[in-house]
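Only a predicted model underlies this, so the values are computations on that prediction, with no experimental measurement involved.
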Amino acid sequence: SEDTALRLDGTYRFDGALRTIQVGLRYDRRTIKHDGGFAGTDAPAGIAPVSQNPFAQLTAADLYRNQNIPQPQWATIGYTALGGGIGTLRGVFNAAPVANDPAQRYDGSERALTSYAMATFAFPVAGIPIDGNIGVRVVKTDLAINASRRVGTGPLMPQSNSSSYTDVLPSVNLRLTLAPELFLRLAYSKQLNRPGFSQLAPITTLLPQATSNGTGSTCNSDLKPLRA
């Protein structure tokens, strides 16, 4: 993946209750090209237990707190194997390198253009000093993602999705000084959290019953940003 970001900011300072006005622009463009594949294999007979296996480790035993769970932890592949021992790990399981699956391939781009303005201030009200800031961000997002989807054993069918949306995100932060070391803070804002490419790619993964108990997963290219 690649990420290109540009920013431009300006600040104007004043005397009096209005202290500063800040304005700015942000440009961010993210792109990704993804390939992947999956192959399952059974653990070979006589494999070393977790306590003696350099590639495995036990998970923390605190996932199910205050619950009577007969198996609170399990074995998983350790960071050592994932980081630099993939080839040796495949040898332990007698597994060949996994070829890229065209059905798992996708590419995408996301472009966000943001403009903002914020004012800071400080003034007394009924003898109580108040300071803070008020501002707004306007964010325009353009998204495009391309992949392929296979239904059953049929051919790969191209899948593309694009969207464009604009959000207005205000924010207000106030601080009231009630005493030299006593403050009352008030805040209000709207936030935007976009889904990642891996959640949006229109691909479906089905794992066979023999190796993965017939499980599967899919992504949703129609996911909307989380707004709060």
Side-chain angles (χ1 to χ4, degrees), residues 1-34 36 104-149 158-204 217-228:
S1 62
E2 296 182 355
D3 194 339
T4 302
L6 301 172
R7 60 183 295 172
L8 177 65
D9 300 288
T11 301
Y12 302 88
R13 303 185 185 279
F14 303 91
D15 295 325
L18 180 62
R19 298 298 177 86
T20 64
I21 292 180
Q22 300 174 2
V23 295
L25 294 173
R26 301 282 190 275
Y27 173 83
D28 186 78
R29 184 175 185 268
R30 297 190 302 132
T31 60
I32 190 171
K33 290 186 178 180
H34 175 272
Q104 301 298 311
R105 181 179 298 128
Y106 64 86
D107 64 82
S109 66
E110 179 187 81
R111 182 177 61 187
L113 180 62
T114 304
S115 59
Y116 80 91
M118 183 178 68
T120 62
F121 51 82
F123 52 83
V125 174
I128 299 176
I130 298 177
D131 65 278
N133 60 71
I134 182 170
V136 64
R137 288 186 298 142
V138 180
V139 185
K140 185 179 187 302
T141 305
D142 297 300
L143 174 71
I145 194 160
N146 307 293
S148 298
R149 175 170 291 174
Q159 301 284 327
S160 299
N161 188 65
S162 61
S163 60
S164 180
Y165 49 88
T166 301
D167 291 272
V168 179
L169 308 172
S171 67
V172 180
N173 294 278
L174 298 175
R175 183 181 68 169
L176 287 72
T177 304
L178 305 180
E181 296 184 1
L182 179 62
F183 304 96
L184 174 63
R185 299 180 186 272
L186 303 172
Y188 168 82
S189 66
K190 285 188 175 182
Q191 302 292 329
L192 175 70
N193 187 13
R194 305 181 186 90
F197 287 122
S198 61
Q199 298 171 294
L200 293 167
I203 58 176
T204 300
S217 63
T218 188
C219 305
N220 185 358
S221 58
D222 293 321
L223 282 177
K224 304 301 181 184
L226 177 63
R227 297 176 172 92

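The environment of CZ in F14 is crowded: more than 12 heavy-atom neighbours from other residues, nucleotides or ligands sit within 6.0 Å. Open room surrounds CZ on R111; 12 or fewer heavy atoms of other groups in view lie less than 6.0 Å from it. Atom CZ of R13 has 12 or fewer heavy atoms from other residues, nucleotides or ligands within 6.0 Å.
Between D9 and R7 there is a salt bridge, since a side-chain N of the basic residue sits under 4.0 Å from a carboxylate O of the acidic one.
Residues Y165 and K224 are not in side-chain contact: their nearest non-hydrogen atoms beyond the backbone lie 4.5 Å or more apart. Side-chain contact between T166 and V138 is present, with at least one heavy-atom pair separated by less than 4.5 Å. When side chains are defined from C-beta on, Y12 counts as touching V23, because their heavy atoms get closer than 4.5 Å. Looking at Y188 and I134, their side chains never come closer than 4.5 Å, going by heavy atoms from C-beta outward. The side-chain heavy atoms of V172 and L174, taken from C-beta on, include a pair separated by under 4.5 Å.
To the nearest 0.5 angstrom, E110 atom CD is 11.0 Å from R29 atom CZ. The CZ atom of R137 sits 7.5 Å away from the OG atom of S171 when rounded to the nearest 0.5 Å. We find the CG-CD1 distance between D3 and I32 to be 11.0 Å, quoted to the nearest 0.5 Å.
A cation-pi arrangement is present between R185 and F183 under the rule of less than 6.0 angstrom and at most 45 degrees off the ring axis.
For residues 108-144, the set of pairs meeting the ring-ring contact (aromatic ring centres under 6.0 Å, His included) definition, not counting sequence neighbours, comprises F121-F123. Within the structure, ring-ring contact (aromatic ring centres under 6.0 Å, His included) contacts touching residues 124-146 (residues at least two apart or in different chains) do not occur.
Listed by chain and number, the residues in a side-chain hydrogen bond (donor to acceptor under 3.5 Å, both in side chains) with R19 amount to none (sequence neighbours excluded). Every residue meeting the side-chain hydrogen bond (donor to acceptor under 3.5 Å, both in side chains) condition with S164, not counting sequence neighbours, appears here in chain and number order: K140, D142. Shown here are the side-chain hydrogen bond (donor to acceptor under 3.5 Å, both in side chains) partners of T177, two or more places apart in sequence or in another chain: there are none. In terms of the side-chain hydrogen bond (donor to acceptor under 3.5 Å, both in side chains) criterion, T11 has no residue partners (sequence neighbours excluded).
What you find for V139 and R194 is that their closest heavy atoms are CG1-NH2, 3.2 Å. The nearest pair of heavy atoms linking A187 to N173 is CB-OD1, 3.5 Å. Nearest heavy atoms, F197 versus G108: CE2-C, 3.9 Å.
Side-chain atoms of Q191 and S189 include a donor-acceptor pair closer than 3.5 Å.
Tested against L176 for a side chain to side chain contact (heavy atoms under 4.5 Å, CB included), the candidates V125, L182, L184 yield a single pass: L184.
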